[in-house]
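Input: a single structure, listed below in structure tokens.
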Amino acid sequence: MAMSKISLRECNGILSISFFHISYSSSSSSSYSRSSKVKGRIVLNFEKLKCLDDAVTLFHQMVTMKPLPCVVDFSKLFNNMIKMKHYSAVLSLFRQMQKLGIPISDFILSSMINSYCLMHRADYAFSVLPIYLKNGVSFDAVTFTTLIRGLFAENKVKDAVELFKKLVREKICDPDEIMYATVMNGLSKRGHTHKTLSLLRLMEQGNTEPNIYNYSIVIDALCKDGNLDAAINILNEMKQKNIYPNIVAYNSIIDGLCKFGQWEKVTTLFSEMVNLNMYPDVCTFNILTDGLCKEGKVEDAEEVMKHMVEKGVEPNVITYNVIMDGYCLCGQLDRARGIFDILIDKGIEPDIFSYNILTDGLCKEGKVEDAEEVMKHMVEKGVEPNVITYNVIMDGYCLCGQLDRAQRIFDILIDKGIEPDIFSYNILINGYCKKKKLTKAMQLFREISHKRLKPNIVTYNTILQGLFEVGRIGVAKQLFVEMVSTGPVPNLSIYHTLLDGYFKYGLVEEAMSLFNKLETNKENIDIESYNIIINGLSKNGELDKAHAIFQKLSSMGLLLDVRIYTTMITGFCLQGLLDEAKDMLRKMEENGCFPNNVTYNVIVRGYLRCRKINEMVTLMKEMTGRGFSFDATTAKLLVKEISENPSILDMIPELHTEKKK
DNA sequence: GTAGGGTTAG
């Protein structure tokens with residue numbers, strides 16, 4: 001190898017690597033290639049390292065070389081190992097380097113911090129800081145940005161922000177755009193959009209001009225909140241400052257517009273992008289595809305996929321997953337499987353999402369055993385099921401009432417050493433509640449706090465519903481008190497559960513006293529709350545009160561929906577007030593609210609119970625004319641009434657013809 | 001024109 005061909009400019013790094021390569025490759029039988037020819041000279045290509053063994057072997061070769069490779073080569077090696085996720089190996093090699101007295105650099109040290117952080121050990125990452133001091137390496141923005149990111153990754157938001165503030169306050173290091181972006185991203189991803197925006201404004205006032213990243217983070221946060229106008233305003237603000245938004249900013253906004261159903265604006269943004277010579281990428285198309293799938297337009301989504309291929313943008317695993325999920329959502333399991341097969345045909349590796357989507361689709365259709373087959377298959381393919389996989393299957397078994405199997409899945413999850421999350425508990429607790437096994441449900445509920453988890457609103461709501469279902473009202477009340485003092489802030493669904501529960505057991509006064517408390521703050525209450533109240537009062541013989549409340553709703557500016565009309569109609573039917581019920585049916589339609597299947601079935605049952613068969617037949621014709629039909633409850637009641645009074649049959653000619661057919 | 005920290009999709 002002609003060493004002299006390497007110019008002096010390329011000293012140090014390349015020189016030593018080339019030198020190293022020559023001595024190494026001649027003595028190595030390794031099958032992988034670590035070198036490539038660039039402009040006639042051989043340079044080492046660290047990216048060709050395939051596995052941990054390769055990296056470790058290389059390291060040991062490097063440390064025995066004379067002269068030693070320069071610190072840049074060690075740095076490259078370590079960062080390639082980090083890319084391969086061998087964090088602890090990096091740390092161990094670093095320690096060997098220290099023992100051997102090989103010089104280190106700021107680059108090497110920040111990679112050590114990064115390794116600890118990526119292992120979710122930010123606490124250990126801080127122990128690297130004294131090594132800087134000992135070696136006379138000064139701290140820089142990278143040092144702390146890496147630490148801040150590590151803290152966020154462990155959800156230690158306060159610590160991260162505190163560190164950032166300390167750096168600024170004590171002038172330990174000047175934050176740059178990247179450090180700001182890291183803090184902003186950490187905050188925005190945890191819902192602190194306002195603080196994220198404040199940091200952007202702080203940058204604008206201070207010495208650090210925000211760049212495209214800082215703006216993009218804010219835009220994305222606003223979009224995730226559905227604040228699309230604000231996001232578009234920021235986009236325009238950027239343009240005015242001659243900071244040109246890139247595809248990422250546009251993708252964020254398009255995603256927001258799709259998720260919040262503003263499809264016309266999607267088109268506008270799309271053409272705006274193309275006019276700026278910014279062409280939609282795979283991410284843009286995936287956003288569109290997902291938006292369409294979530295609206296149930298899976299075939300349109302497939303068209304988008306065709307379109308992107310025509311435009312030279314290759315669909316990736318996310319594209320296929322989105323479409324699979326789309327088909328699962330509308331119950332077209334066969335098509336979802338078809339997409340999975342195409343994915344395999346195309347040579348794209350399915351990932352954990354692909355398998356979880358299929359598993360979930362199967363479970364939702366009650367095919368839990370097939371879902372278990374998928375789980376076996378993924379293990380064979382080297383994709384380890386995660387907590388979501390297990391949760392989906394547990395939920396599947398709960399949904400079809402096979403609680404023992406659900407419990408078995410939970411036990412396997414624990415055996416595998418996978419940490420159950422709050423969803424796992426909620427699913428299983430819900431399963432036990434539905435089977436009215438409240439003792440076991442409560443036992444699981446208590447277990448949550450021992451697992452470094454916290455019961456959330458859903459947990460409380462599930463347990464409360466379960467307790468009311470079996471009539472353990474005292475325990476339910478206790479649990480609510482406990483929730484108010486130590487749990488999440490009760491929301492409307494919790495109050496709905498309480499109100500519904502009280503009415504169910506005739507505790508009208510308690511329900512009304514809670515309702516009156518809620519009503520003092522109108523934000524606490526919605527149409528569904530009134531629905532529960534009207535239903536509860538009607539069922540407890542207080543139809544007049546129910547009707548009075550119903551009548552004041554419109555004047556309160558609430559838009560009455562089909563459910564609340566149906567509840568009121570049910571109340572009338574319960575008291576045999578069929579004329580009032582029928583009047584209400586007409587009135588709702590006049591008000592632009594059309595009765596549905598439930599509404600008609602309720603009135604039909606009302607007539608049937610009062611043996612007003614002629615009226616019932618008239619209504620039946622109306623409902624069938626509108627494409628509605630009897631539901632199971634009505635059919636059952638009809639059969640019962642006929643068996644008691646066969647002459648009914650003669651009054652319903654339609655049933656005769658049905659019978660003859 | 002050597003190496004470390006930041007933004008979008010399931």
Side-chain angles (χ1 to χ4, degrees), chain A residues 9-17 38-39 43-44 46 69-80 82-83 90 104-115 117-118 137 140-150 152 173 175-186 188-189 196 210-221 223-224 231 245-256 258-259 280-291 293-294 301 315-326 328-329 350-357 360 388:
Chain A
R9 260 188 314 136
E10 295 157 327
C11 62
N12 263 338
I14 291 172
L15 187 64
S16 60
I17 291 166
V38 177
K39 288 181 188 170
V43 290
L44 198 79
F46 284 97
C70 78
V71 67
V72 175
D73 300 331
F74 284 103
S75 194
K76 280 181 175 173
L77 174 67
F78 288 155
N79 287 312
N80 275 298
I82 289 175
K83 274 183 205 149
V90 169
I104 54 173
S105 69
D106 47 353
F107 284 78
I108 298 268
L109 289 177
S110 61
S111 298
M112 296 313 122
I113 292 179
N114 202 15
S115 297
C117 287
L118 291 168
V137 180
D140 61 10
V142 182
T143 317
F144 295 109
T145 301
T146 314
L147 275 170
I148 289 170
R149 188 181 157 90
F152 275 121
C173 107
D176 60 7
E177 306 94 311
I178 300 183
M179 191 184 282
Y180 270 106
T182 306
V183 177
M184 289 165 75
N185 191 39
S188 78
K189 291 290 181 295
T196 309
N211 64 14
I212 196 161
Y213 284 87
N214 306 103
Y215 280 106
S216 296
I217 291 166
V218 170
I219 286 174
D220 189 60
C223 289
K224 293 276 185 303
N246 59 9
I247 187 123
V248 176
Y250 275 95
N251 283 347
S252 284
I253 296 181
I254 290 175
D255 186 46
C258 286
K259 292 216 162 70
D281 61 4
V282 62
C283 195
T284 323
F285 286 116
N286 287 347
I287 288 165
L288 284 180
T289 311
D290 187 47
C293 284
K294 293 289 187 299
N316 61 13
V317 64
I318 298 181
T319 325
Y320 288 99
N321 286 349
V322 159
I323 293 182
M324 265 197 323
D325 195 39
C328 286
L329 283 173
D351 61 9
I352 183 82
F353 285 89
S354 323
Y355 289 108
N356 284 350
I357 288 166
D360 191 39
I388 299 175

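A:Asp140 contributes no side-chain N or O that forms a donor-acceptor pair with the base of B:dG5 under 3.5 Å. You'll find a donor-acceptor pair under 3.5 Å spanning the side chain of A:Ser216 and the base of B:dT7, going by distance alone. Checked by distance alone, A:Asp73 brings no side-chain donor or acceptor within 3.5 Å of a matching partner on the base of B:dA3. Side-chain N/O atoms of A:Thr145 and base N/O atoms of B:dG5 include a donor-acceptor pair closer than 3.5 Å. At a cut-off of 3.5 angstrom, the base of B:dG5 holds no donor-acceptor pair with the side chain of A:Thr146.
What separates CG of A:Asn80 from C1' of B:dT2 is a distance of 13 Å, to the nearest Å. Whole-Å rounding puts the A:Leu147 CG to B:dG4 P distance at 18 Å. Between the CD1 atom of A:Ile253 and the C1' atom of B:dT7 there is a distance of 13 Å, rounded to whole Å. As rounded to whole Å, 10 Å separates atom C1' of B:dG6 from atom NZ of A:Lys189. For the pair A:Ile357 CD1 and B:dA9 P, the interatomic distance rounds to 15 Å; values are reported in whole Å. Atom CZ of A:Phe152 and atom P of B:dT7 are 12 Å apart (whole Å). Whole-Å rounding puts the A:Phe74 CZ to B:dT2 C1' distance at 15 Å. For the pair A:Met112 CE and B:dG5 C1', the computed distance is 14 Å after rounding to whole Å.
Among the atoms of the strands shown, base atoms are found under 4.0 Å from some heavy atom of A:Ala141. Using a 4.0 Å heavy-atom cutoff across all strands shown, A:Met324 reaches no nucleic acid atom at all. Backbone-only engagement by A:Ile287 is indicated by non-hydrogen atom pairs under 4.0 Å involving sugar-phosphate atoms exclusively. Note on A:Asn185: only backbone sugar-phosphate atoms sit closer than 4.0 angstrom, heavy atoms only; bases stay farther off.
Between A:Asn79 and B:dA3, a side-chain N or O to OP1/OP2 separation shorter than 4.0 Å is absent. OP1 and OP2 of B:dT7 both lie 4.0 Å or more from every side-chain N or O belonging to A:Lys224.
Minimum atom distance to the side chain of A:Asn286 is reached by B:dA9, of the listed B:dA3, B:dT8, B:dA9. Among B:dA9, B:dG6, B:dG5, the nucleotide with an atom closest to any side-chain atom of A:Asn214 is B:dG6. If you check B:dA9, B:dT7, B:dG4 against the side chain of A:Asp106, the one that comes closest is B:dG4. Nearest to the side chain of A:Thr143, among B:dG5, B:dA3, B:dG4, sits B:dG4. Closest to the A:Ser105 side chain, of the nucleotides B:dT2, B:dA9, B:dA3, is B:dA3.
Side-chain atoms of A:Asp360 do not come within 3.5 Å of backbone N or O of A:Asn356 as any donor-acceptor pair. For A:Asn114 (side chain) and A:Cys117 (main-chain N/O), no donor-acceptor pair under 3.5 Å exists by modelled atom type.
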Report task. Take A:Ile113 and A:Leu147 through the side-chain contact (heavy atoms from CB on, under 4.5 Å) test and state the conclusion after the steps. Result -> CA-CA 7 Å; A:Ile113 292 179; A:Leu147 275 170; 3.8 Å; yes
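Within a 6.0 Å sphere centred on CD1 of A:Ile212, heavy atoms belonging to other residues, nucleotides or ligands number more than 12.
Here A:Ser115 contributes atom OG and A:Ile82 contributes atom CD1; the two are 3.5 Å apart, rounded to the nearest 0.5 Å.
Residues satisfying the side chain to side chain contact (heavy atoms under 4.5 Å, CB included) criterion with A:Thr196, sequence neighbours excluded, are A:Met184, A:Leu187, A:Ser188, A:Ile217, A:Val218.
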